[in-house]
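Heads up, the thing below is written out as structure tokens.
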Amino acid sequence: MICDLLGYGKANARTAAELSQITGLPHREVVRQIERARRRGEPICASGDSTCRGYYKAATPAELAQYTRALNRRLH
């Protein structure tokens, strides 16, 4: 459900608040559904960039790799 509402590419990111408003689901449930979708293998990325804040599907393998590298940098 949530995955169907996400666009491809960082420029098409949607915030959890937007997704909550569209679906009528509470914010926490939106975040839970995104986490479940990721565990199923959906290539969902997140951006904190002020120009493109929110969740989106990776448009290319390179975009997904860039996102995972950013996550790995946070861990170290």
Side-chain angles (χ1 to χ4, degrees):
M1 178 178 176
I2 293 293
C3 290
D4 297 334
L5 300 173
L6 297 176
Y8 286 92
K10 186 176 179 180
N12 295 307
R14 287 192 165 180
T15 65
E18 288 175 294
L19 293 167
S20 180
Q21 185 177 18
I22 292 166
T23 62
L25 296 171
H27 180 275
R28 286 184 184 200
E29 182 57 28
V30 167
V31 174
R32 280 187 200 114
Q33 286 196 17
I34 289 169
E35 181 58 30
R36 284 187 213 123
R38 284 174 167 164
R39 289 180 185 185
R40 286 191 312 268
E42 293 286 340
I44 298 174
C45 303
S47 172
D49 186 331
S50 63
T51 60
C52 300
R53 188 175 305 269
Y55 297 100
Y56 60 96
K57 292 181 189 175
T60 64
E63 189 172 49
L64 183 59
Q66 179 182 8
Y67 176 67
T68 56
R69 279 192 304 272
L71 289 178
N72 284 330
R73 282 192 301 270
R74 289 183 192 173
L75 293 173
H76 301 292

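We're numbering straight along the sequence, starting at 1.
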dist I34:CD1 -> L19:CG (nearest 0.5 Å) comes out at 5.5 Å
With a cut-off of 6.0 Å (strictly less than), are more than 12 heavy atoms of other residues, nucleotides or ligands near CD of E35? yes
Applying side-chain hydrogen bond (donor to acceptor under 3.5 Å, both in side chains), can you list everything that pairs with Y56, at least two apart in sequence or on another chain? none
Taking atom CZ of R36 and atom CD1 of I44, what is their separation to the nearest 0.5 Å? 12.0 Å
Hey, is the main chain of T15 close enough, under 3.5 Å, to the side chain of E18 for a donor-acceptor pair? yes
How about CD on E42, more than 12 heavy atoms from neighbouring residues, nucleotides or ligands closer than 6.0 Å, or not? yes
For A13 against G54, the heavy-atom pair lying closest together: CB-C, 3.8 Å
Just to verify, which of N12, L6, I2, L5 counts as forming a side-chain contact (heavy atoms from CB on, under 4.5 Å) with Y55? L6
Approximate separation, where rounding is to 0.5 Å, of S20 OG and R14 CZ: 12.5 Å
Indicate yes or no: does K57 engage E63 in a salt bridge with an N to O separation below 4.0 Å. no
To the nearest 0.5 Å, tell me how far E29 CD sits from T23 OG1. 8.5 Å
For A58 versus C45, what's the shortest heavy-atom pair and its separation? CB-SG, 3.9 Å
Would you say the side-chain atoms of S47 pair up with the backbone N or O of R53, donor to acceptor, closer than 3.5 Å? no
